Every structure is written in structure tokens, then in C-alpha cells.
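Note sheet for the following structure.
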Number of protein chains: 2
Amino acid sequence: MKLQQLRYVCEVAKSGLNLSAAAKALHTSQPGVSKQIRLLEEELGVDIFVRNGKRVVDTTEAGRTVLAIAERVLLEAANLRQAGRDFSDEDAGALTIATTHTQARYVLPAVVKQFFERYPRVRLTLHQGNPTQVASDVAAGRADIAIATEAIELYPDLVMLPCYQWNRVVIVPPGHELLDGTRLTLERLARHPLITYDFAFTGRSKINHAFAAHGLTPNVVITALDSDVIKTYVELGMGVGLIAHMAFDAARDTGLRAIDAQSLFESSTTRIGIRRGAFLRKYTYDFIAMFAPQLDRRTVDRAMIGAGSSYEL
Amino acid sequence: MKLQQLRYVCEVAKSGLNLSAAAKALHTSQPGVSKQIRLLEEELGVDIFVRNGKRVVDTTEAGRTVLAIAERVLLEAANLRQAGRDFSDEDAGALTIATTHTQARYVLPAVVKQFFERYPRVRLTLHQGNPTQVASDVAAGRADIAIATEAIELYPDLVMLPCYQWNRVVIVPPGHELLDGTRLTLERLARHPLITYDFAFTGRSKINHAFAAHGLTPNVVITALDSDVIKTYVELGMGVGLIAHMAFDAARDTGLRAIDAQSLFESSTTRIGIRRGAFLRKYTYDFIAMFAPQLDRRTVDRAMIGAGSSYEL
DNA sequence: CGTGATTACGTTTATCGTAATTATA
DNA sequence: TATAATTACGATAAACGTAATCACG
């Protein structure tokens, strides 16, 4: 059994069961791929792919198991190379962070600045996307860490580490009637046109939930993908905005006023997601600690092993 | 990077940092091992071993990380071969069970009989040992599953599955004064010479604990490694025995009488231990289910993944 | 027929083992 | 001086690429 052969079968599976495409992606010849796969199948004593004459048309049941394990072997092999790089020059490399707009725009800048000062030779990449994209980026190995608030609980390959809790503020133009000093309630809020986040985003479900629990239907006139768009429409007087508290900056957003709304909604938890079993470089641990100081290396490692080494009835 | 190279470095680490011994164990030449390790170190860009001139004297810090990951790669590769065997002929193979005397002698026979009827072509091996040996057998891959009661909680590489709870019986010769019908207490028991299990064995600590909690010191005159030895000395009138309830068989042990003692001691839990991340063959799942019916394949799989995919503050 | 997989075959590369060399305790 | 690791080198084998063949849609 060779690592090369495992790379071949995995690539074939990824290329839609097309040996030619896989060979191209692997920068090698089609016959080579064909032969090595045959050799592996022979050695393991099972067919991995279902062939219709000469065409590969499906994976066998055994093949699916083999592919799953082969991927783990390759992941660990990649970890080994990563570890090598880490020890040979632990201050250089690349770090790809998949995250949402709010994090990228309002939370990460301070962390990124600090990180860049400590690790100027680490190339930092931000992948922006919605929480689902963010999670799948990390699960597929396209990014090293995910930072998002929702929808990333579902991936079993990801380890989720809670970073901080946050809630919402209502933003209005200066002189708006909600600024009259009386207590903000969901009932009052429901009487105004509302501008907030798009579905499946930054805790949007908690907003719907809170209104529904009071038998109210919010009058959502515009939904947006990011806080900046929301602010723009609020400034134009099209309604009141409802955004994450960290997206409001009193010094910067001079054309807006914020009203704390944390009593109205359930708080949301922003989490860091890491691929289970991935080897993390020293600077990755450091980045996580800069983002959420309670997540030191030991805590992260413990979470990655998985809480339970013993299972109780 | 080749799997072969990983095998070499792991073997060298296991052989006490001796290339010659490793080469012998791997059935290959010393120069080959030397060269491949050099090539791997070159490719990874880090030294794995510390050399004093030409002698390998230690592992580097990087080397320890590399070795840990390399072992995982090899474990997964072994899983792959195992999976192949499983699919090519799922009713043949080998199953090695590391366990203690009490299990092997009094609990397993019924299970083994049932298993052998279903899988006559699986070669079954029993490794007998104390709980610590049993756990290390599985952790090191010398056995597939461990069955024991104590001391196996400590290995982080093992997944522990609770199987059943048990408690103790006091055994005495016929006509003994403890058979007078009055309630058995720790105080009464402490007045007799006691024969029970050796330290670090089958719940021995719970026995000490119970006496200590009542301010009593048991008069342990003989400790033995297994229940049969204890029975023998009780039959000889040397004292009262204290053994696991499943080790007493009224039909067989005609020269003895048992008194239930479950109210006196905390109950013990017998567990099955599996190496985390191991690929289990179908018949292994079946064996586990025969031993503990609540541990079906799904339950075992879930426990092996580890309870927590999410870590909470 | 065109696309895609296997077979055939020659080239190249890497692996392995023996023997010789060097270094260490 | 005995043991252990590296270097040197030749034999073997394996992996690779090109070309040709074969099968499916």
C-alpha cells in the first residue's frame, strides 16, 4: 500500500469517478492512475469502484469505507508535512480564516493587526461567506479556521469552540421617536419597519424567535447580508435597524443612534471551528488565543480530542 | 513521503533508538533504514532524532510530534487493510481479547461459545492479565478489545464502554457461623480472616474503601490473583472469601456457601475498552453485542467518535 | 466515432542488500 | 576493540509516460 495510491483513489472519487480528470488533476498519466488503483484493489482484496465494462460508474460499499479511511490517512500525512514546516520555521506560513462579514469587518481587524505584528511572515487570507459556506470551507480543508455564529453546529468533522456571546442593538437616525427614553419593547419595535440580517445569518433565527414568542410579526422591510448595508438604509430613514452590538461604533457612526436591545433577544454565541484531527501550527493556536483569550493551547487541544474518552450509560 | 519511511521511524522509536535492532525487526537492512529516515527528515525539513556523531541518542521535540502523527497514519493504514479483509471475507479473521481471570473463567465462556457457533472461522485468542496489562495490550495494538473492571480508565487512547454492574458475595464453608441467618454486616465480616483479590484487581479498591468508611480494618490473610485460588483456601477453612458474584456457581461449588454482600460494597462496572480510531470488523461488533446486548454497532460507533463534537465553556 | 479505461513496453527512478568506511563507547 | 551508523555501489524492481488497443455511449 502506497500513499500515492490513496491519493489516486481519493482524487478519482472527488473528480466524479473520472480517471482521466483525476490523472490531469494529479499531473500524471491516466494509465498510471488506472494501474495503481488496480494494484490497491488487489492488495486490499476488494473492489473500490464499480465498473461497467471499462467505465467507472460508482463506488462499491467497501469502496466507500476504504475512501473514508484513505482520506484520514492522507489528512494525517498532510498534518505531518505541516508539522515539519512548523518546526523548521514556526513563524512563517499561511493562515486562512473563513468568516462572516460582521466578524471580518468589526471584530477581526484588531486581532489581525496584533497577529500581523507578531507574525509578519504569515500570509493571512480571509474567506468571506455565510455561516454554511464558512463551515464547509474548513470541513473541506479550504480554510484553517472558521469564525461564525450559526449553522456550523452540524458538521461532525468540525470542533466548535465558543468564543464570546453577543446581543443586538437597535439603530435609528438621530431624533427618532424610539429615543424618547421610555423602555424599548418588542411591541414598540414591531410597530416600525425593520431592517436586519438575511436569513440563515448571524443569529437571525433568534430575532424571529423572540417576536414569535410574543405573538408578534415584525415588519421586516429590507434584509441585508451585512451590517453596513443595514446602516445605510437606516440613515436614509427607511426604518429602524437591528444589528449585532459590535457592529455599532459610536465614534464612527455619527449619523446613527444605538439603543441596547439585549433584554429583548436571546444572546448568540460566536464560535471558532476547527477541522477535527487537523494539525494546528503554533501561530494558529496564537491567533485563536488572540481572538478568544480563554482558548489557550491546552483548552483547544482538549476540545479537539473530544470531551468523552469514557462513555456512560 | 512513504508509508515505509513512517514505519521505519516508528520502529526505531520502539526499538529504543537503535537502528540495527529496528532493521532486524523490520526484516530489512540497517543502511536502508538509515537512508530512508534521512530522506524523511530531509523532506520534512526537521531532524527527528538527535545524533551524537553517528549514534542516535534521543528524539527531538519535532521528532516526538512527527512520531505521534506517523503512528496515527500507520494506524489508519492498518485500518484500511483490516477493512479490506472485512469486506473480502467478513466471517474469517482473528480476534484477540485481553481480559482478567474472572471474566475469562466465569463470564466469557458462554459468549465465546455463542461467538464460535456464529463465526467458526475466526481465530479467537485470549490474553489474560491484570487490568493494567489488559489496557496496555489494547492501547499498543496487541489485542483488539479489553474487558476488565478497573484501572483502564486512564488510557486516553481507549474508548471505554460500560457493560454491566456487579457486586460481591461472601463465600464460606458449609456450617460456618456467618450462615446463622442474621444480617451480614461489615463489622461481622471484619471479625473473620478474609481472603480476597490482590491489589489493583477486580474492584479491590472498593472493598478497602467500604471497610475504611466504617472505621474498620479487614483482616486480610491471603490475597490471590483469581477467584479459584480464593475458593480453594476457603474450602480449606483458612477464612471467609470475598469474590465477584459471577464467580460463584452454586451447582459447581458444592463445597461452599455464598452470602450476598451487595449491600456492603459499592458496585463495580465491567467495561469493554477499544482503541480509539481503530477499524472494527463486523464480527468484533458482534462479539461486543453478545457480551453486552445494549452495545449495538451504532452505540459503539457513537462512543468512539467521542461524545462531544461541541465544547462548552 | 469520440471519450474513457486498459494493455504493452521501454525508460527512468528509487529501493534494497552487500561490502566497505567511519565514528562512538 | 566491539558495536553502531553512514557511505558506496551494483542488482532488482517499481513507477512512470508514450503508444496502441479495447469498450462503452
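All of these numbers come straight from a predicted model, not from anything done at the bench. Just so we're on the same page: letters track the sequence lines, and every chain starts at 1.
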To the nearest angstrom, the CD-P distance between A:Glu42 and C:dT7 comes to 11 Å

Between NZ of A:Lys24 and C1' of C:dT3 the distance, given in whole Å, is 12 Å

Value for CG (A:Leu75) from CZ (B:Arg72), rounded to nearest 0.5 Å, stands at 8.5 Å

Between CG of B:Leu19 and C1' of D:dT3 the distance, given in whole Å, is 13 Å

To the nearest angstrom, the CG-P distance between A:Asn18 and C:dG2 comes to 18 Å

Determine, for B:Tyr197 and B:Arg204, whether the Lys NZ or Arg CZ falls below 6.0 Å from the six-membered ring centre while staying within 45 degrees of the axis.
-> no

Would you tabulate the nitrogen or oxygen pairs shorter than 3.5 Å linking the protein to nucleotides 18-25 of chain D?
residue, atom, partner, partner atom, Å
D:dC24, O2, A:Arg55, NH2, 3.0

So do the side chains of A:Arg64 and A:Ile48 get within less than 4.5 Å of each other, counting heavy atoms only? no

Decide, yes or no, whether a salt bridge links A:Asp157 with A:Arg275 under the criterion of side-chain N to carboxylate O below 4.0 Å.
no

Could you go through residues 117-125 of chain B and list every donor-acceptor pair under 3.5 Å that involves a side-chain atom there, pairing it with any protein atom two or more places apart or in another chain?
residue, atom, partner, partner atom, Å
B:Glu117, OE2, B:Lys113, NZ, 3.3
B:Tyr119, OH, B:Asp286, OD2, 2.5
B:Arg121, NH2, B:Asp89, OD2, 2.4

5'-most contact on DNA chain D (nearest-nucleotide basis), B:Val56 vs A:His27, goes to B:Val56

Quick one: does B:Leu40's side chain get under 4.5 Å of B:Met1's, heavy atoms only? yes

Checking B:Leu39, B:Leu3, B:Ile37 against B:Tyr8 for side-chain contact (heavy atoms from CB on, under 4.5 Å), the one that qualifies is B:Ile37

Under 3.5 Å, which protein N or O atoms sit close to an N or O of nucleotides 12-15 of chain D? Give each pair with its distance.
residue, atom, partner, partner atom, Å
D:dA15, OP1, A:Lys2, NZ, 2.6
D:dA15, OP2, A:Gln36, OE1, 3.4

Quick check on D:dG17: is either OP1 or OP2 less than 4.0 Å from any side-chain nitrogen or oxygen of A:Thr28?
yes

Atom CZ of A:Arg7 and atom P of D:dC16 are separated, to the nearest Å, by 10 Å

Of the listed C:dT6, D:dT6, C:dG4, the closest approach to the A:Arg51 side chain comes from C:dT6

To the nearest angstrom, the CG-C1' distance between A:Leu26 and D:dC16 comes to 13 Å

- Query: Can a side chain N or O of A:Ser34 be found less than 4.0 Å away from OP1 or OP2 on C:dT7?
  - Reply: no

Atom CZ of B:Arg38 and atom C1' of D:dA8 are separated, to the nearest Å, by 16 Å

Rounded to whole Å, CG of B:Leu40 lies from P of C:dA14 at a distance of 16 Å

- Lys/Arg N to Asp/Glu carboxylate O, B:Arg51 vs B:Glu41, below 4.0 Å: yes

So for atom CD, which belongs to B:Glu43, do other residues, nucleotides or ligands contribute more than 12 heavy atoms lying within a distance under 6.0 Å?
yes

